[in-house]
Every structure is written in C-alpha cells, then in structure tokens.
Amino acid sequence: MNFADSASAMKNLLGSEGDSQRTLYPYVTGTSVVAIKYKDGILIAADMGGSYGSTLRYKTVERLKPVGKHSVIGASGEISDFQEIMRYLDELILYDNMWDDGNSLGPKEVHNYLTRVMYNRRNKFNPLWNSLVLGGVKNGQKYLGTVSMIGVQYEDSHVATGFGNHLARPILRDEWHENLTYEEGVKLLEKCMRVLLYRDRSAVNKLQIAKITEEGFTISQPYSLKTFWDFAAFKNPTVGAEGSW
Amino acid sequence: MDSISSDLNAPHSMGTTIIGVTYNGGVVLGADSRTSTGMYVANRASDKITQLTDNVYICRSGSAADSQIVSDYVRYYLHQHTIQLGQPSTVKVAANLVRLVAYNNKNMLQTGMIVGGWDQYEGGKIYGIPLGGTVLELPFTIGGSGSSYLYGFFDQVWKEGMTQEEAEKLVVKAVSLAIARDGASGGVVRTVTINKDGASRKFYPGDTLPLWHEEMEAHDSLLDILSAAAPEPMVT
C-alpha cells in the first residue's frame, strides 16, 4: 500500500476526465432567496425546502450559510452544486485566514470570486446550477449582490432569485427605503415570503432570516408564517357567477 | 411477444422502496427485494442493503449496475481508510465518499442511495443521497419509486426517539405498504439494524407481512377452501 496507489484511486473518485461533462438538469432544488439592505446591514430570507421535481421532498434544507466573518450566502437551484460551492468558499476563507495578515475577504471580494467561478463554469458548458445572493458588511460598508448560473452579476439595495424576482421585487420597489429598522426589514421580508408561499408551488412554510451587521451575523432558527384564508370571496367564490371557479 | 424480448435486454433497474430510520441507540435500514428489467422481474429476492464496513451499510435504488459499482468503489476506499485510520470509519466519512462518486459522475449515474450506520462519536446516523449527489443528514429518509406512496404515511407516524422494536416495526410496515401499491417494488422485506453491538439482518417473507386493502389470505388451493366450507362427512 503506497501513496501513489491512493492518488490514482482518488482520481477515479473524481470521474473520468476524458469525456466532456455538462450538467444537464437539476434534481434537488431550492426556490427563491430574497434580500434587502437596511439601516444596520443586510437581511436575507430563504425557505428550507428542497424540491425533487414537483415533490416537496426535503423540508429542512439550510440554504443560508455564513462565509467568513463578514458575509452570508443564500442559494437557490441545485443543492448538490451549492454544497460544492460551500466547499470552494470554505477553502477560500481558510487560505485567507492562513495569511494571518489582519486582512479578511469582505462581501465584495467573495461576490467577485463567485462571479468568476460561475462564469467560467458557464463557458465550459458545465454550469453550477444555482442563483446566489451574497450579502455582508465590512468597515461600515453594506454590500448586497447576486450572481446567476450563467455568470450574470449585479448589486442592488434589494435582490431576489427565481420567483422572488417576479413576486417580491415589485413589493420591495414600492416599500423599500433607506434606513429601514431591523423590525421593519424583517416585516417587509416576511411580507414577500408570505406572497411566495401563496403563489410559488415549490415554496415550503419553514424559513430562516439571516442578519449581517458590522458586529457579525445571525441566522435565525427555522420558523413558520401564518397564512390567511378567511375571506368571504374564498368561502363563496362562485357567488354571482355559478359555474365559474 | 415483442415487449418480452425487449424487456429482457432493458437495463436492470431496482424500482425499489428503501428506508433509513434513526432510533434511540442506532439505525434501521429497510428495503424490498425486487429487481426488474422492464416488466420482467429479473430477481425476486435481491439484497438491496449492502455492507460498506462492519458498522456502515447502504440502501441502493435506481440503476442496479450504477448502485453496485458505487458501493464497490466506496467499500474499497473505506477499507483503505479504516486501515490508515486504525479504527472503524465514521458514518459521515462513508456518506461523503458516496457523495464524491455520485456528485462527480452525476451525468452518468442514475442511483439514489441511503447510507446508515453507527459510530462511537455520533451514534446512529442516516444520510440521504438522492440523484445529483446532494448529501443530507436526516432523522429518517425514504427513497426509490415506492417511496412516493410513503410520504403521507411517514408525515403521520414518524416520531423521534423510538425504541429498536418500534423502529423495526415501522420500517417493515412501511416497505410492505409500498410493495402493495408500487409495481416496481415487491418480494420480501429485508432490514438491517445497526447499533453499538454491530449490525444484524432480518428477513420478512411475504406471508409474514400484514394484509392491506383488497388483499386476501393466501391458500394452497381452492379445494381447501371448498372442503372447509362443506366438510365431507366422516364415514366408518
């Protein structure tokens, strides 16, 4: 038993490099991520669902993860690719810490790294099937960005992935403003998440909200939102139009 | 007639129902035993719960060939890892090795697996590894085509911290319910229970399983039923 043996054995683990690979389609997927800047930093919300096609298969998947001291990443799309991205990020942060030079990667740098990774994979026709949100605070500067599976990236005061773009962003365009307090921010995100729960088939009623400020990050415990069905129009939807629905 | 000949050459796939459940002290893995090629049952008594190490087993579903080769590779690596480590491998390492193979070959593999075992650091653990190579550590998980019929069942009856007996009963009941409704699952129910004392296999042939809706008691022959209804009079 020698090390050369295990090295060539490891190569097998990593798949045959001969054939050109391409990710064809995702299997276990997470849905929307919604994020906003607020007075003290960034708030990011995501539910804990891992869908398998149309089946809501896993209901306690953590889609919000800390990155280093200053950032939090939220991911939608293929969960196995997100798990791989987390391995890349953990390695990136480790090497950064090993310099031991008082410097640390901030959200802007991490976002840029992710953009390069996603774009380069896209160019090889083998994308990481995710849409990512990266938020953080460093030296008083708030940062919120997003990057897609084809490498499109941008920053804004509020961002979302997937269905969130269609359902949450309009609400945020209307109601977001600079200097939201923490409470106002959470309520605003919850409003968005509730709409997503009503209207996104792959949404699941268990979510987490992450807060990043200069002091650090917190990712909340999982919790569920109340939903409202007690409307006259819901009880008698076809009154005045029998036969409709 | 055509369908039969094309069936015989179709890829072997395990329709399957597989289950992994943690209990207070270890894990119970369960599976059916049907391997089909198209509509033909190629093996009615397969063993889908495969050993990786003394303390870690894997439930295989999907393509029989793919799941067998993944298990073989992981068993090989775990064997070396155990020698190098000088002690039994943890369940987490086994699950991660399965992940590496599944994730890095995701374009070619069609197999969903459940890794379950017991180690001295974390106790009993179950890891679900569906298509794509995602790894999720879970209190219980189900897989295979038969699992579709069990989501509601588990939503209702699952509870944390069951005893070994409760867990085994639950797994057998669940596999048996899936077999009743999934054409791709059938045969016998096999379970493997793993805890600090090691791994033990159990075997539940079809006739020991409970009967569900529209299923009837099995008999040797109609003649027995008729003679029971109208017994011939005794004659001296």
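Owing to the predicted nature of the structure, the values given are computational and were not obtained by experimental measurement. So you know, we letter chains A, B, ... as the sequences are listed, proteins then strands, and number each from 1.
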Exercise for the section: Check step by step if side-chain contact (heavy atoms from CB on, under 4.5 Å) holds for A:Y58 and B:L138. Expected result: CA-CA 9 Å; A:Y58 302 107; B:L138 300 159; 3.8 Å; yes
Practice task
May I ask you to check whether over 12 heavy atoms, not counting those of A:F231, lie within 6.0 Å of atom CZ?
Solution key: yes
Fill in the blank from the handout: To the nearest 0.5 Å, atom OG of B:S147 lies from atom CZ of A:R57 at 5.5 Å
Practice task
Might you confirm whether atom CD of B:Q87 has over 12 heavy atoms from other residues, nucleotides or ligands at distances under 6.0 Å?
Solution key: yes
Practice task
Verify, without hydrogens or angle tests, whether A:E78 (side chain) and B:G132 (backbone) share a donor-acceptor contact under 3.5 angstrom.
Solution key: no
Practice task
Answer yes or no: are there more than 12 heavy-atom neighbours, outside A:F228 itself, under 6.0 Å from its atom CZ?
Solution key: yes
Handout entry: CD (B:E215) with more than 12 external heavy atoms under 6.0 Å
Key = yes
Exercise for the section: First locate atom OH of B:Y103, then atom CD of A:Q83, and finally report the distance between them rounded to the nearest 0.5 Å. Expected result: 9.0 Å
Handout entry: Value rounded to 0.5 Å, distance of CG in A:D81 from OG1 in B:T134
Key = 8.0 Å
Exercise for the section: Decide, yes or no, whether a salt bridge links B:K106 with A:E84 under the criterion of side-chain N to carboxylate O below 4.0 Å. Expected result: no
Problem - Euclidean distance, A:T60 OG1 relative to B:L136 CG, rounded to 0.5 Å - result: 9.5 Å
Exercise for the section: For the pair A:S80 (side chain) and B:G133 (backbone), establish whether a donor and an acceptor sit closer than 3.5 Å, ignoring hydrogens and angles. Expected result: no
Fill in the blank from the handout: Bottom line for A:Y52: the part with an atom under 4.5 Å from chain B's heavy atoms is side chain
